[in-house]
Asker: 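Attaching a single structure in C-alpha cells format; questions to follow.
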Amino acid sequence: MNKKQATGLLVTLTLGIGAIAGCSGGADGTNTQTGNGTGTNAGPAELTFFMNTNLTAKAVKGFEDIEAFKEIQKRTNTKIKFQQPGDGSQFNIMLASGTYPDIVYAPNNYPGGIAKLVQDGVAIKLNDLIDKHAPNYKKLLNDHPEIRKQVVLDDGTIAKFPQIDIDLHRVSYSGHMVREDWLKKVGLKAPTTIDEWYTVLKAFKEKDPNGNGMNDEIPLGDRGDGLGSISSFATSWGILADRFHLHAKTGKVTFGPIEPEFKSYVSTLNKWFKEGLIDSEFAATDRKAFEAKFAKNTIGAYGGVISGINTFKDQMKGNLPDFKLIGVAPPIGPAGKSYSNHSQMVQNVPLDGAFISSQAKDPVAAIKLLDFMIGPEGSDLQNWGIEGKSYKVENGKKIFTDEVFKNPDGFEPTEAVKKYALPTSGMVKVMDYNAWAAFELRYPEAVEANDTWFKADRSLLIPPLSLNGEESQRLGSIMSEVNTYVKEMWIKFIMGTEPIENYDKFVATLKKMGIEEAVKIQQAAYDRYQNRK
C-alpha cells in the first residue's frame, strides 16, 4: 500500500471512529474484565492479536504454530488468537470496519502513524499502564534515552511496543560490495574514494577479470526496481539521491535532488554510464534478472544487503573456488567523508509496532503480555526458541542446533528456525545480534562487511519522525508526485537521455510540485523530535 492509497482511506476510516467511545475497555486501562492478566485466578486471559501481514514460512502456517509463541502463552497464562491477513491492505479494512482486536500491529506506512491512531481514538495511551504493569519496558526506556526518544510521540505519549535494536550492528546490513577475486586479477585494492572506484570499474571493464576472453563484464550492476547501487554513491557528495536528509554543513533537513551537489553526482554517473561501467540495462533489471546476471560471473560490484554475500558465495564457490564478495565503506568524494546511505543506521526503533486498541477487553492483560514479549525472557524465546530443540548452550554461548542447520525435514536453516523462533525478523522484542548473525553473517567476509558499514558516518541520516495527520496527508500528496518524477529524471540524467544542462529546470519543477513545503514539514517534525524527552 502506498501513501496515496492510504491517504485516500482516511475519510472512510474516520466514519467508523465515532462508535468507539461506547465500546468496553477504557483508554486508561481501568475498565477491564477480570482475568489472569489482571492478577486474578479466573483462568487464561484471551486476547486477539492482529498482525499486519501473513507470516511467510514453510515450516509453520502462522504465528500460533511457532514454539516460542506457544511458550509465551504458557508463561503468561494468556491465550492469543492471531489474526493474520493476506496483505497490508487488510489493516485499513479492519480500521474501517470499526471493530478492533485487543492488540494491533500497525504498519510503518500508515498516514500519521501511531500518533494519528491515538488521535482518532483507535489506539490508547500507554504511559500509566507501563508505569504500573510493564517493568521490562519501563526499565528498557529508562536505560536507553535514545530509544525512548524514538518511541515517544511529540507530546510524550507512549502508544506502541516495537521491535528494538539496542545494538545497531544488527541493522548494519546494507552497503557497497565488490568482487575481491576480481580486484586481485586486475591488481587493485578495494576502492575507498570516488576516483578509486572509477579506476576499479575501468579495470573491470577492460582487463577481463572473469577470464573468459569476452568483453562481457558489467563493472557496476544495479536493479531498476529501486534506487540501489547507483543511488548510494550520492553520499560522496554529501547528499542522498532519493530522500530527505540532514544537510552535511547546516544540519537542517533538505532533499538531496534539489541540492547543487546532485548535479555533480549525476554528471559523474553519466560519465560512468557512457563508458560502459554501469549496466546498460539497470533501469529494466529486476531482482531475478540481476541475480541471473550475477550467477553468470559478469557483475563486479553492486550495492545491496548483506545476505547477498552468503547467497552468492553458496552459488558460486562450486565453480569458482576463489570467489569472494566483500563489503566496502561508502566512498569518500567531494564531501570529504564516508557517509552512510542506510537510513536504518539511526533507527533503534522502526515506525511500526504493536498498540493496544481502545476496544481491548483487558488492557492490563494486553500490556502484561507485550511487556513479557519485549522483556529478556520473551525476547530470548522469540530470538532463539526452545533450549534443547532449536538451540543449546556451549561454553556459555547459545548456538542453534542441527535441528535448525541440518534440518531432518530438509528445510533450509532460515525456514527450519521458524518452527521455533524468528531471529531474523522483528515483532515485539529486543532483537538479538548473535541470533541474527548466525543466519546473516555465515562467512567471515559478511562479518567484516557488517562491521565496515557500521563505522560509516551517519550524520546525513534522519531518525524516524512522527507526523500529525494533516502533515502526513500533505506530505504524502506532494511526495507521491515528487518521487515518481525524481526517479524518472534520475534515470534519464544518468543514461544521458536528459541533458544535464536541464538540471535547473528539474529543480524548478520540483519546487512547483511543493518540495520546499515538504522540506518544511520534515524540518518541523525533526525539530519536535529533537525536543522529545
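All values reported here derive from a predicted model rather than from experimental measurement. Along the sequence shown, residues are numbered consecutively beginning with 1.
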Asker: For the pair E415 and K418, find out whether any cationic side-chain nitrogen is under 4.0 Å from an anionic carboxylate oxygen.
Answerer: yes

Asker: Do any pairs count as a ring pair (Phe, Tyr, Trp, His ring centres under 6.0 Å) and have a residue in residues 286-316, sequence neighbours left out, and if so which ones?
Answerer: F290-Y302, F294-Y302, F294-F312

Asker: Considering only heavy atoms from C-beta outward, does the side chain of S172 approach that of Q344 to under 4.5 Å?
Answerer: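 Of all side-chain heavy-atom pairs linking Q344 with S172, none is under 4.5 Å.
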
Asker: For the pair Y433 and W436, name the ring-plane relationship: parallel under 30°, tilted 30 to 60°, perpendicular over 60°.
Answerer: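 Correct class here is tilted.
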
Asker: Output every pair passing salt bridge (charged side-chain N to carboxylate O under 4.0 Å, His left out) with a member in residues 373-383, not counting sequence neighbours, ordered by first then second residue.
Answerer: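 Matches after skipping sequence neighbours: R75-E377, D380-K398.
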
Asker: Does the distance from a Lys or Arg side-chain N to an Asp or Glu carboxylate O, for D143 and K139, drop under 4.0 Å?
Answerer: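 Yes.
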
Asker: Is the centre of the H176 ring less than 6.0 Å from the centre of the W453 ring?
Answerer: no

Asker: Would you say the side chain of N348 lies within less than 4.5 Å of the side chain of I166, judging by non-hydrogen atoms?
Answerer: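 In short, these two side chains do not touch, never coming nearer than 4.5 Å.
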
Asker: Salt bridge check: are R442 and D314 linked by an N-O gap of less than 4.0 Å?
Answerer: yes

Asker: Yes or no on side chain to side chain contact (heavy atoms under 4.5 Å, CB included) for I218 and F204, after CA distance, side-chain angles and deciding distance?
Answerer: CA-CA 8 Å; I218 300 171; F204 284 176; over 6 Å; no

Asker: Could you tell me if the side chain of T76 sits less than 4.5 Å from the side chain of K368, heavy atoms only?
Answerer: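 They are not in contact (no side-chain heavy atoms under 4.5 Å apart), so the answer is no.
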
Asker: Check whether T78 reaches the backbone of K74 with its side chain - one donor and one acceptor, N or O, closer than 3.5 Å.
Answerer: no

Asker: Using a 6.0 Å cut-off, check whether atom NZ of K317 has over 12 heavy atoms from anything other than its own residue.
Answerer: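 Enclosed.
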
Asker: Report the residues that fulfil side-chain contact (heavy atoms from CB on, under 4.5 Å) with E67, sequence neighbours left out, ordered by chain and then residue number.
Answerer: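 Scan of E67 (side-chain contact (heavy atoms from CB on, under 4.5 Å), adjacent residues dropped) gives K70, I386, Y420.
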
Asker: Under 4.0 Å between a Lys/Arg side-chain N and an Asp/Glu carboxylate O for E387 and K389?
Answerer: no

Asker: Determine yes or no for a side-chain-to-main-chain donor-acceptor pair under 3.5 angstrom, with D352 supplying the side chain and A106 the backbone.
Answerer: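 No, D352 side chain to A106 backbone: no donor-acceptor pair under 3.5 Å.
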
Asker: Would you call the rings of F400 and W384 parallel, tilted or perpendicular, taking 30° and 60° as the class edges?
Answerer: parallel

Asker: Assess whether a salt bridge exists between D451 and K455, defined as any Lys/Arg side-chain N lying under 4.0 Å from an Asp/Glu carboxylate O.
Answerer: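 Answer for the salt bridge query: yes.
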
Asker: Can you pull out every side chain to side chain donor-acceptor pair (under 3.5 Å) where at least one residue sits in residues 457-467? Sequence neighbours excluded, please.
Answerer: D457-S459

Asker: Does atom CD of E412 have more than 12 heavy-atom neighbours from other groups under 6.0 Å away?
Answerer: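 Counting neighbours around CD of E412, 12 or fewer heavy atoms of other residues, nucleotides or ligands fall under 6.0 Å, so no.
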
Asker: Checking N142 against Y137: is there a side-chain donor and acceptor pair closer than 3.5 Å?
Answerer: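 Absent: no donor and acceptor within the cut-off.
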
Asker: Holding to salt bridge (Lys or Arg N to Asp or Glu O under 4.0 Å), I want the full list of residues that pass it with K419, two or more places apart in sequence or in another chain.
Answerer: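 Testing K419 for salt bridge (Lys or Arg N to Asp or Glu O under 4.0 Å), a comparison that skips the adjacent residues, returns none.
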
Asker: Side chains of Q315 and E291: is there a donor and an acceptor less than 3.5 Å apart?
Answerer: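 Judged by distance alone, the side chains do not pair up.
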
Asker: Roughly how far apart are Q73 CD and L47 CG, rounded to 0.5 Å?
Answerer: 9.5 Å

Asker: Got a sec, which residues hit ring pair (Phe, Tyr, Trp, His ring centres under 6.0 Å) with F405, two or more places apart in sequence or on another chain?
Answerer: F439

Asker: Quick one: do R170 and D165 make a salt bridge, cutoff under 4.0 Å?
Answerer: yes

Asker: Please identify each residue that fulfils side-chain contact (heavy atoms from CB on, under 4.5 Å) with V349, with sequence neighbours left out.
Answerer: I147, Q150, V151, K160, P162, I164

Asker: Does K296 have any side chain to side chain donor-acceptor pair (under 3.5 Å) partners at least two apart in sequence or in another chain, and if so, which?
Answerer: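 Listed in chain order: nothing, the list is empty.
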
Asker: Between I124 and V118, is any pair of side-chain heavy atoms under 4.5 Å apart?
Answerer: no

Asker: Show the numbers, then the answer: is there a side chain to side chain contact (heavy atoms under 4.5 Å, CB included) between F323 and R179?
Answerer: CA-CA 7 Å; F323 174 87; R179 290 282 298 275; 3.3 Å; yes

Asker: Would you please name every residue forming a ring pair (Phe, Tyr, Trp, His ring centres under 6.0 Å) with W237, sequence neighbours left out?
Answerer: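 Partners of W237 under the ring pair (Phe, Tyr, Trp, His ring centres under 6.0 Å) test: Y265.
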
Asker: Just one of D279, D222, D286 clears the salt bridge (Lys or Arg N to Asp or Glu O under 4.0 Å) bar with K293, so which one?
Answerer: D279

Asker: Report the C-alpha distance between I80 and F69 in whole Å, list the side-chain angles of each, state the deciding distance to 0.1 Å, and finish with yes or no for side chain to side chain contact (heavy atoms under 4.5 Å, CB included).
Answerer: CA-CA 9 Å; I80 304 173; F69 290 106; 5.5 Å; no

Asker: Got more than 12 heavy atoms from elsewhere within 6.0 Å of CG, N319?
Answerer: no

Asker: Apply salt bridge (Lys or Arg N to Asp or Glu O under 4.0 Å) to residues R148 and E146 and explain how you reach the verdict.
Answerer: CA-CA 5 Å; R148 180 182 179 86; E146 188 58 34; over 6 Å; no

Asker: Please enumerate all residues that pass ring pair (Phe, Tyr, Trp, His ring centres under 6.0 Å) together with H133, with sequence neighbours excluded.
Answerer: none

Asker: Roughly how far, to the nearest 0.5 Å, is the OG1 atom of T48 from the NZ atom of K81?
Answerer: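 Going from the NZ atom of K81 to the OG1 atom of T48 covers 8.0 Å.
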
Asker: May I have all residue pairs that pass salt bridge (charged side-chain N to carboxylate O under 4.0 Å, His left out) and include part of residues 423-435, sequence neighbours excluded?
Answerer: none

Asker: Measuring from atom OG of S390 to atom CD1 of I399, what distance do you get when rounded to the nearest 0.5 angstrom?
Answerer: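 With rounding to 0.5 Å, OG (S390) is 11.5 Å from CD1 (I399).
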
Asker: Would you please indicate yes or no on a ring centroid separation below 6.0 angstrom for F91 and Y110?
Answerer: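 Yes: the rings meet the under 6.0 Å criterion.
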
Asker: Any side-chain heavy atom of F63 sitting closer than 4.5 Å to one from M51?
Answerer: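 Contact flag for F63/M51 side chains = yes.
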
Asker: Could you pull out all residues at least two apart from F49 that satisfy ring pair (Phe, Tyr, Trp, His ring centres under 6.0 Å)?
Answerer: F82

